[in-house]
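Everything on this sheet refers to the single structure shown next.
Sequential numbering from 1 along the given sequence is applied to the chain's residues. Below, all heavy atoms of this structure are taken into account, side chains as well, without hydrogens, waters or symmetry copies.
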Amino acid sequence: MMKALRVTLLLALCLAMTAPTFALAAGKATITHETVYVESDNDKYVTIGEKARALSGGVLVFENAYLFAEITNTGDKAIVFNDGLFELFNADGDSVESSSYLSCYPQYLAPGESGYIYDYLYIDDPSLENSIDDYSLTVTGKGDNKNSTLRLPAEGIYEEVESGYWTNRYVTATIENNTANTLWNVKVVYVVFDQNDKLIFAKEDTMYDTGVPVGQKVMARIDVESALSDVWQAEESTPTKIIVIAYTELEAEA
């Protein structure tokens, strides 16, 4: 009797070890790159963190902030960007400003795809007490198998164009329509990483009232604010990797 019981238990254990395991499939919004630049009261920007604290020396007040973030769907199901919270803190860890009005471009992400967030926050009444010292960023996505994004072939370059006494800085995109229809109002996301794979720029623009004929290419560009190019130079960040996402959204009919 005991021998039969031992055989039964051994058989059950073997079956448990060899039985396939099933995990529920789901999408997941993950922050894969993020950068925050803060502006001091001497109108200079610097990356938030230890370097900013060292530069401040207890004198400078950091009063405005740029946010750039890359969001990747690290799950195995499609998602749509749901919401996010970008919050700024002073040296005591108290919240001094926040924004929950964040958008991701594109908002519909298939598994492995990335989208980008950018935001700008300022302090209404800057002082040493509410000087920006730290931040947090949280994002969520939710499952969406009805809507999607049609991404077009696109490539980009960063260029500096001399114009009299000024130097204009652009991220320029070349976009191809490889579909069977003329596409209107194509959305374009311009992204720049430096030589250390640091995300230093991201912005979306829509080509309103502009059509891209079938099989044709079109060029578009967006300017880079001088405040950002100044901090790149100060921190020895060289625009190195340019990503352009040109897309239209394929939304399910109601």
Side-chain angles (χ1 to χ4, degrees), residues 27-75 79-109 113-144 187 189-193 198-206 222 224-228 230-232 234-235 237 245:
K28 182 180 181 182
T30 303
I31 302 170
T32 43
H33 286 89
E34 56 187 307
T35 299
V36 172
Y37 292 118
V38 287
E39 181 188 17
S40 68
D41 54 7
N42 64 359
D43 299 324
K44 300 294 184 182
Y45 279 86
V46 65
T47 301
I48 199 168
E50 295 299 328
K51 189 173 183 179
R53 297 186 187 99
L55 288 176
S56 68
V59 177
L60 297 179
V61 174
F62 294 105
E63 54 192 20
N64 302 314
Y66 276 102
L67 164 69
F68 303 115
E70 178 186 77
I71 310 301
T72 302
N73 181 358
T74 57
I79 62 171
V80 60
F81 180 79
N82 188 40
D83 62 15
L85 176 64
F86 175 38
E87 192 166 13
L88 303 173
F89 304 94
N90 63 15
D92 294 326
D94 298 323
S95 177
V96 294
E97 189 58 76
S98 65
S99 172
S100 58
Y101 298 102
L102 301 180
S103 297
C104 181
Y105 305 96
Q107 63 175 327
Y108 302 115
L109 301 175
E113 288 185 339
S114 296
Y116 294 86
I117 292 174
Y118 61 92
D119 197 22
Y120 181 80
L121 281 180
Y122 64 93
I123 306 300
D124 289 328
D125 185 24
S127 66
L128 282 175
E129 286 72 29
N130 60 15
S131 177
I132 302 168
D133 186 73
D134 203 354
Y135 78 98
S136 70
L137 174 65
T138 57
V139 299
T140 63
K142 64 180 180 180
D144 189 324
K187 300 177 185 294
V189 186
Y190 304 83
V191 183
V192 181
F193 288 83
K198 175 181 178 180
L199 177 60
I200 59 176
F201 181 81
K203 200 166 187 179
E204 182 269 349
D205 194 27
T206 300
I222 198 166
V224 176
E225 297 93 324
S226 59
L228 290 175
D230 287 346
V231 72
W232 297 352
E235 297 188 350
S237 283
I245 304 174

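Across Ile71 and Ala29, no two heavy atoms sit closer than the pair CG2-CB, 4.0 Å. Of all heavy-atom pairs spanning Thr72 and Ser114, the tightest one is OG1-OG, 2.7 Å. Ala202 and Tyr116 get closest at one heavy-atom pair: CB-CB, 4.1 Å. For the pair Pro106 and Gly115, the tightest heavy-atom approach, listed with the atom from each and the gap, is CD-CA, 3.9 Å. Of all heavy-atom pairs spanning Leu199 and Glu70, the tightest one is CD2-N, 3.7 Å. Ala65 and Ile132 make their closest contact through CB-CD1, 4.2 Å (heavy atoms, listed as atom of the first residue, atom of the second, distance).
Looking at heavy atoms from C-beta onward, Tyr118 lies out of side-chain contact with Tyr66 at the 4.5 angstrom threshold. Taking the side chain as every heavy atom from C-beta outward, Val191 and Ile245 never approach each other to under 4.5 Å. Residues Leu85 and Ser98 meet the side-chain proximity criterion, which asks for heavy atoms closer than 4.5 Å.
Remark: side-chain polar atoms of Asn90 are paired, donor with acceptor, to backbone N or O of Asp92 under 3.5 angstrom. With hydrogens and angles disregarded, no donor-acceptor distance shorter than 3.5 Å links the side chain of Thr35 to the backbone of Ile200. For Asn73 (side chain) and Leu109 (main-chain N/O), a donor-acceptor pair under 3.5 Å exists by modelled atom type.
Classification of the Tyr135-Phe86 ring pair by plane angle, with boundaries at 30° and 60°, yields perpendicular.
Annotation: the span from Glu113 atom CD to Thr74 atom OG1 amounts to 13.0 Å, rounded to 0.5 Å. Rounding to the nearest 0.5 angstrom, the gap separating the CZ atom in Phe68 from the CG atom in Leu228 is 4.5 Å. Atom CD1 of Ile79 is separated from atom NZ of Lys28 by 10.5 Å, given to the nearest 0.5 angstrom. Atom CD of Glu63 and atom CG of Asn130 lie 9.5 Å apart (nearest 0.5 Å). Here the CD atom belonging to Glu97 is positioned 6.0 Å from the CG atom belonging to Asp124, to the nearest 0.5 angstrom. Atom-to-atom distance recorded for Asn64:CG and Ser40:OG is 9.5 Å, nearest 0.5 angstrom.
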Show me the donor-acceptor pairs, under 3.5 Å and distance only, between side chains in residues 136-143 and residues at least two apart or in other chains.
unit_1: Thr140; atom_1: OG1; unit_2: Asn82; atom_2: ND2; d: 3.3
unit_1: Thr140; atom_1: OG1; unit_2: Asp83; atom_2: OD1; d: 2.5

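For Val231, the side chain to side chain contact (heavy atoms under 4.5 Å, CB included) partners two or more places apart in sequence, or in a different chain, are Tyr37, Tyr45, Glu235.
Remark: Lys198 NZ is packed, more than 12 non-hydrogen atoms of other residues, nucleotides or ligands lying under 6.0 Å away. Around the OH atom of Tyr122, the shell of radius 6.0 Å holds no more than 12 heavy atoms that belong to other residues, nucleotides or ligands.
Applying side-chain contact (heavy atoms from CB on, under 4.5 Å) to Val36 and the options Ile48, Thr47, Asp119 leaves one that passes, Ile48.
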Derivation of the side-chain contact (heavy atoms from CB on, under 4.5 Å) call for Leu121 and Leu67: CA-CA 8 Å; Leu121 281 180; Leu67 164 69; over 6 Å; no
